[in-house]
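A short worksheet on the structure shown next.
These values consider heavy atoms only, across backbone and side chains, with no hydrogens, waters or symmetry-generated copies. Position 1 is the first residue of the sequence, and the numbers go up from there. Since the structure is predicted, the reported quantities are computational estimates derived from the model, not experimental observations.
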Amino acid sequence: MTWYHPGIYDPAVPVGSYWEDEAPPLGDGVDLGPVRDETCDVAIIGGGYTGLSCALHLARDFNADVRLLEAGPLGWGASGRNGGFCTLPPAALSLNELISRYGEDEARRFIASQVEAVGFVRDLARDENIGIHPQGEGEMHVAHTPSRWRHLEHERDLLAHLGIAARLFPREEVAEKFYDSTEQFGALLNPVGFGLQPLRLARGLAVAAGRAGANLHGASPVIRWERAGGLHRLVTPSGTVSARRVVVATNGFTQESLHPDLSPRLIPVMSNIVVTRPLTEVELAAQNWRTQTPCANTRNLLFYYRLLPDRRFLFGARGDLTGKPADARRMRAFMERRLGQVFPGWAHVPVTHNWRGLVCMTLRRAPSIGELEDDPGVFFALAWHGNGVAAAPWAGRLLARLIGGTAENASIPAVFRGSPARIPFPSLRRWYLRGALGYYRLTDL
């Protein structure tokens with residue numbers, strides 16, 4: 001069973017992203033191609049940020065024998081097609097909910113870990129010479145209606161309480177210093193974060209992991225998971241990998257059949273992006289656009305957007321519930337229309353790229369990192385709730401440390417710790433999601 005149209009999971013279907021056109025190719029010898037029959041210390045399922053970072057740190061820091069298995073090309077999933085927001089936090093919980101559910105100390109620990117994660121990506125890119133095209137300082141959270149301004153005031157106060165000095169700008173000041181639009185009624189500038197080229201980061205991580213000695217295998221989907229002689233046996237169309245420990249790093253692209261104790265706990269959600277042709281100076285002036293800082297608005301079904309280095313404009317939103325090609329066309333038309341409504345000075349600007357992919361959510365609305373209680377030796381880090389560019393590489397390193405013995409369960413902040421909650425009647429998840437999306441649309445008005 002798959003949630004969406006099979007084309008969403010098919011590596012032969014072109015992604016069509018701007019990132020693919022801009023990024024240099026991976027290079028020979030990094031992706032070793034379909035795996036053969038092999039045995040190793042650790043097998044990693046998933047060739048995105050989490051899996052590649054885990055492979056890098058296991059091989060480099062612990063001299064582990066690693067085989068990474070990716071169904072498509074390395075970085076093919078969300079890691080190569082997201083919006084490039086290296087920001088925080090990777091959860092759908094509000095700051096109020098974080099504090100209420102986990103307590104002030106753990107909420108502060110969680111936020112601090114993700115401030116560290118943003119810095120970790122910067123440092124990793126520098127140390128491994130990954131040309132990620134960093135842009136801007138922080139992230140702007142923009143009120144999309146006048147009534148949302150008070151939410152930003154509350155968010156500022158909570159961030160200050162948790163150790164982050166965010167700054168509020170009223171509508172007039174945002175219009176003067178940053179940009180203006182029909183859905184701009186003031187903004188909160190969180191100083192933590194920046195924009196980047198996500199596929200460059202994924203491919204750079206792959207190069208670094210291969211250089212450290214990890215064996216990376218694209219075109220190696222896991223079609224069956226067996227146990228034999230105390231080992232996990234991951235069966236692919238081309239061969240079988242046997243390992244004492246397995247890392248699951250598949251996030252929103254986790255197949256329902258992969259692991260019976262993990263897959264039914266996850267909720268994959270479609271996300272869509274369009275990118276315009278490069279904007280002229282006159283067009284930028286039409287919206288008084290003056291910032292490279294990534295922006296997201298206060299909608300529950302948020303719009304997120306940023307100006308790219310070549311002056312193209314990226315505009316993203318949540319997507320449909322089927323993944324069918326016809327719905328992709330409808331979503332593109334919807335996003336082109338909404339882009340023109342939010343930024344009327346650009347209503348005439350053509351879109352040159354559009355693509356989509358899956359983010360991963362859970363009932364608890366927070367990510368999950370740990371080892372399965374009922375299946376020791378199976379580790380996981382996933383469910384970034386659409387904001388894993390910083391969190392996922394950081395979590396990959398944490399998994400490596402857990403497996404290598406230099407970290408323990410208590411090293412995981414409580415917000416992340418443990419398996420996602422079981423979803424009642426998981427076959428009804430699509431209907432749960434349909435209801436949630438309908439509710440969010442009403443509350444966004």
Side-chain angles (χ1 to χ4, degrees), residues 15-22 78 80-87 133 135-136 138-145 148 174-175 178-185 187 193-199 269-320 327-359 385-387 389 437 440-441 444:
V15 174
S17 77
Y18 169 70
W19 309 129
E20 291 178 316
D21 287 351
E22 194 281 332
R81 59 176 90 186
N82 63 79
F85 282 54
C86 189
T87 56
H133 293 174
Q135 281 186 286
E139 180 186 28
M140 295 193 71
H141 197 192
V142 183
H144 77 284
T145 64
R148 293 299 174 100
V174 174
F178 302 101
Y179 78 92
D180 202 6
S181 83
T182 61
E183 293 194 2
Q184 186 280 101
F185 295 92
F194 61 99
L196 54 74
Q197 213 282 28
L199 186 57
V269 178
M270 194 78 72
S271 191
N272 292 259
I273 291 175
V274 297
V275 169
T276 70
R277 64 144 166 81
L279 300 172
T280 66
E281 291 293 343
V282 171
E283 288 165 343
L284 290 172
Q287 300 294 160
N288 202 36
W289 194 278
R290 297 170 178 266
T291 185
Q292 294 190 53
T293 298
C295 305
N297 68 14
T298 51
R299 291 178 177 274
N300 290 302
L301 297 177
L302 81 168
F303 293 142
Y304 53 96
Y305 40 93
R306 50 183 286 235
L307 190 69
L308 302 182
D310 62 356
R311 300 194 303 195
R312 295 174 186 267
F313 195 71
L314 179 149
F315 188 75
R318 294 294 174 252
D320 62 88
D327 283 336
R329 293 189 291 272
R330 281 191 283 270
M331 277 303 304
R332 172 171 177 158
F334 164 78
M335 293 180 67
E336 288 179 337
R337 182 176 72 254
R338 292 296 286 126
L339 173 59
Q341 291 170 343
V342 176
F343 300 98
W346 302 339
H348 68 285
V349 177
V351 162
T352 60
H353 298 77
N354 76 288
W355 66 95
R356 55 189 180 162
L358 298 174
V359 303
H385 291 77
N387 203 9
V389 176
L437 293 177
Y440 288 147
R441 289 191 182 98
D444 280 338

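- Not one N or O on the side chain of Q292 forms a donor-acceptor pair closer than 3.5 Å with the backbone of P309.
- Note that OH of Y18 is 8.5 Å distant from OG1 of T352, once rounded to the nearest 0.5 Å.
- Under the 3.5 Å distance criterion, the side-chain polar atoms of T182 are matched with a main-chain donor or acceptor of Q341.
- Across all their heavy atoms, M331 and G319 have their closest contact at CE-CA, 3.8 Å.
- Side-chain contact between R311 and L284 is present, with at least one heavy-atom pair separated by less than 4.5 Å.
- Formation of a donor-acceptor pair under 3.5 Å by the E183 side chain with backbone atoms of V342 is not found in this model.
- Between W289 and W346, the angle of the ring planes lies from 30° to 60°, which puts this pair in the tilted group.
- Taken to the nearest 0.5 Å, the CZ atom of R277 stands 6.5 Å off from the CG atom of L279.
- Between D310 and E22 the shortest side-chain heavy-atom distance does not fall below 4.5 Å.
- Side-chain atoms of R306 come within 3.5 Å of backbone atoms of L196 as a donor-acceptor pair (strictly under, hydrogens ignored).
- Side-chain contact between T276 and F343 is absent, with no heavy atoms from C-beta onward closer than 4.5 Å.
- Remark: N297 CG to H144 NE2 distance equals 6.5 Å, nearest 0.5 Å.
- Contact annotation: the side chain of V275 approaches that of W355 to within less than 4.5 Å [non-hydrogen atoms, C-beta and beyond].
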Apply the test side chain to side chain contact (heavy atoms under 4.5 Å, CB included) to residues M335 and N354: give CA-CA distance (whole Å), side-chain angles for both, the deciding distance (0.1 Å), then the verdict.
-> CA-CA 10 Å; M335 293 180 67; N354 76 288; over 6 Å; no

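- Using a 4.5 Å heavy-atom threshold, the side chains of L302 and R318 count as touching.
- Looking only at distances, no side-chain donor or acceptor of E139 sits under 3.5 Å from a matching main-chain atom of C295.
- At a cut-off of 3.5 Å, with distance as the only test, a side-chain donor of E283 or H348 sits close to an acceptor on the other residue.
- N288 places no side-chain N or O within donor-acceptor distance of the main-chain N or O of D180, the cut-off being under 3.5 Å.
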Under the side chain to side chain contact (heavy atoms under 4.5 Å, CB included) rule, what do R148 and F185 come out as? Steps first, then yes or no, please.
-> CA-CA 8 Å; R148 293 299 174 100; F185 295 92; over 6 Å; no

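- In terms of heavy-atom proximity, G138 sits nearest to P294 at O-CD, 3.4 Å.
- Between L339 and F313, the closest side-chain pair of non-hydrogen atoms falls below 4.5 Å.
- Considering OG1 of T291 and CE of M140, their distance stands at 6.5 Å, rounded to 0.5 Å.
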Does the pair Y304 and S271 meet the rule for a side-chain hydrogen bond (donor to acceptor under 3.5 Å, both in side chains), with working shown?
-> CA-CA 11 Å; Y304 53 96; S271 191; 2.9 Å; yes

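- Looking at D21 and H353, their side chains come closer than 4.5 Å, going by heavy atoms from C-beta outward.
- The CG atom of N272 lies 12.5 Å from the CZ atom of R330; values are rounded to the nearest 0.5 Å.
- Using a 4.5 Å heavy-atom cutoff, the side chains of R356 and D320 are in contact.
- Nearest heavy atom pair, residue W19 against residue G80, reads CD1-O, 3.6 Å.
- Of all the heavy atoms in L308 and Q135, the pair that sits closest is C-NE2, 3.6 Å.
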